[in-house]
There are 2 protein chains.
Amino acid sequence: MQYCTIGEASAKFNIPESTIRYYEKKGLLPLIERDEAGRRLFSEAQIALLETVICLKNTHMPISSIKQYIDWVVEGDSTIDLRLEMMKNHKQAVLAEISLMTESLKGIDVKITRYTNRK
Amino acid sequence: MQYCTIGEASAKFNIPESTIRYYEKKGLLPLIERDEAGRRLFSEAQIALLETVICLKNTHMPISSIKQYIDWVVEGDSTIDLRLEMMKNHKQAVLAEISLMTESLKGIDVKITRYTNRK
DNA sequence: ATACGACTTAAACCATGGTTTAAGTCAACA
DNA sequence: TGTTGACTTAAACCATGGTTTAAGTCGTAT
């Protein structure tokens with residue numbers, strides 16, 4: 001149950017401190033505690049939330065949607081159905097994007113093959 | 001060997017005409033012919049080039065890099081080695097991005113499972 | 001003749017997702 | 001005691017990738 005600073009969170013996930021502050025300002029990291037000097041203190045729960053934000057970002061969810069999801073998390077168990085539906089829909093979107101990339105990769109492989117043979 | 005209009009190209013790839021004009025302005029679609037009235041005429045070769053641009057875009061190559069690639073295509077066979085290396089590097093970047101998305105999808109699946117069981 | 005739809009342009013506008021800057025606070029160490 | 005390093009803020013700034021607007025030109029169907 002250690003608290004960590006923004007510098008440590010930044011190092012842990014390898015993202016700039018400025019990005020973490022930006023996410024907090026956008027409402028993706030609510031309820032972050034502060035020490036007497038006003039510095040952010042990330043609890044394990046906050047770190048887990050940041051990890052979720054990064055997971056959703058890695059799968060290209062827009063910040064506005066991540067905020068909606070986080071708002072639902074904060075709101076509590078009454079929003080579980082909404083969150084479940086959102087995650088299911090998001091999963092389908094991610095699978096579709098992976099399919100598109102995988103399909104497009106074939107076109108790139110064709111070029112690689114052609115250029116390799118033309119060398 | 002049919003020429004097609006921007007409207008037909010737009011319909012064929014399901015992208016706005018404005019995007020096609022934007023790509024041309026950015027140098028991704030060079031040497032496009034015009035009719036007497038100044039309207040764009042897309043030859044089969046141009047359509048193939050547009051398809052390549054879309055393929056690279058689908059795999060998230062930035063416009064500046066797509067332009068570099070197209071410039072090399074226009075330059076001719078002397079740039080084949082450069083193009084080959086670029087496509088190889090790009091392929092690795094795409095595979096890395098797909099891996100990250102696939103990995104992050106696991107975190108989403110965990111939420112789906114948890115929310116499903118908590119209903 | 002005219003009106004419509006498809007096209008043209010340059011320039012302005014927009015959303016997204018940060019990053020950078022400037023000025024300041026604080027704790028700890030020399 | 002003073003200076004360094006890690007933090008704070010609000011606001012300005014930036015890149016990317018388009019989209020929209022306004023004003024105009026054609027070709028064709030009525």
Side-chain angles (χ1 to χ4, degrees), chain A residues 2-43 46-47 50 52-70 90 93 97 100-101 104, chain B residues 2-43 46-47 50 52-70 90 93 97 100-101 104:
Chain A
Q2 286 282 15
Y3 281 91
C4 76
T5 66
I6 195 171
E8 288 161 345
S10 161
K12 181 173 181 103
F13 295 111
N14 198 30
I15 58 175
E17 297 181 8
S18 64
T19 301
I20 298 179
R21 294 192 189 100
Y22 171 75
Y23 288 167
E24 190 196 14
K25 186 154 52 173
K26 284 295 184 174
L28 309 189
L29 300 172
L31 313 174
I32 291 188
E33 299 172 62
R34 306 295 174 117
D35 69 9
E36 328 74 43
R39 286 170 294 199
R40 290 166 184 80
L41 291 177
F42 293 81
S43 67
Q46 301 297 334
I47 291 292
L50 177 52
T52 293
V53 168
I54 289 169
C55 167
L56 295 177
K57 271 220 32 83
N58 284 344
T59 51
H60 305 158
M61 183 181 282
I63 286 189
S64 56
S65 303
I66 300 177
K67 171 157 171 47
Q68 173 69 87
Y69 175 76
I70 296 292
H90 183 53
E97 198 183 342
L100 179 59
M101 293 182 78
S104 301
Chain B
Q2 285 282 14
Y3 283 92
C4 76
T5 66
I6 195 172
E8 288 160 347
S10 161
K12 181 173 181 104
F13 295 111
N14 199 30
I15 58 174
E17 297 181 9
S18 64
T19 301
I20 298 179
R21 293 192 189 100
Y22 171 74
Y23 288 167
E24 189 196 14
K25 185 155 52 175
K26 284 294 183 174
L28 310 189
L29 301 172
L31 312 174
I32 291 189
E33 299 173 61
R34 307 295 175 116
D35 68 9
E36 328 74 43
R39 285 169 296 198
R40 290 167 183 81
L41 291 178
F42 293 81
S43 66
Q46 301 296 334
I47 291 292
L50 177 53
T52 294
V53 168
I54 290 170
C55 169
L56 295 177
K57 272 220 30 84
N58 284 345
T59 51
H60 304 161
M61 182 180 283
I63 286 189
S64 55
S65 304
I66 300 177
K67 172 159 170 45
Q68 173 67 89
Y69 175 76
I70 296 291
H90 182 53
E97 199 184 340
L100 179 59
M101 292 182 79
S104 300

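Naming: A, B, ... by sequence-line order, numbering from 1 per chain. In this text the structure is predicted, and so the values were computed from the model without any measurement.
Taking A/Lys57 as the reference, nothing meets the salt bridge (charged side-chain N to carboxylate O under 4.0 Å, His left out) condition, with sequence neighbours excluded.
Looking at B/His60 and A/Glu97, their side chains come closer than 4.5 Å, going by heavy atoms from C-beta outward. For the pair A/Tyr23 and A/Ile66, the minimum side-chain heavy-atom distance is 4.5 Å or more. Put simply, the side chain of A/Arg40 does not reach to within 4.5 Å of the side chain of A/Gln46, judged on heavy atoms.
Computed from coordinates, the B/Ile32 CD1 to C/dC7 C1' distance equals 14 Å when rounded to whole Å.
Checking A/Leu28, A/Val53, A/Thr52 one by one against A/Tyr69, the side-chain contact (heavy atoms from CB on, under 4.5 Å) holds for a single residue, A/Thr52.
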Legend entry - nucleotides 9-28 of chain C: protein proximity per nucleotide (B base, S sugar-phosphate only, - neither; heavy atom, under 4.0 Å): B-------BBBB-----SS-
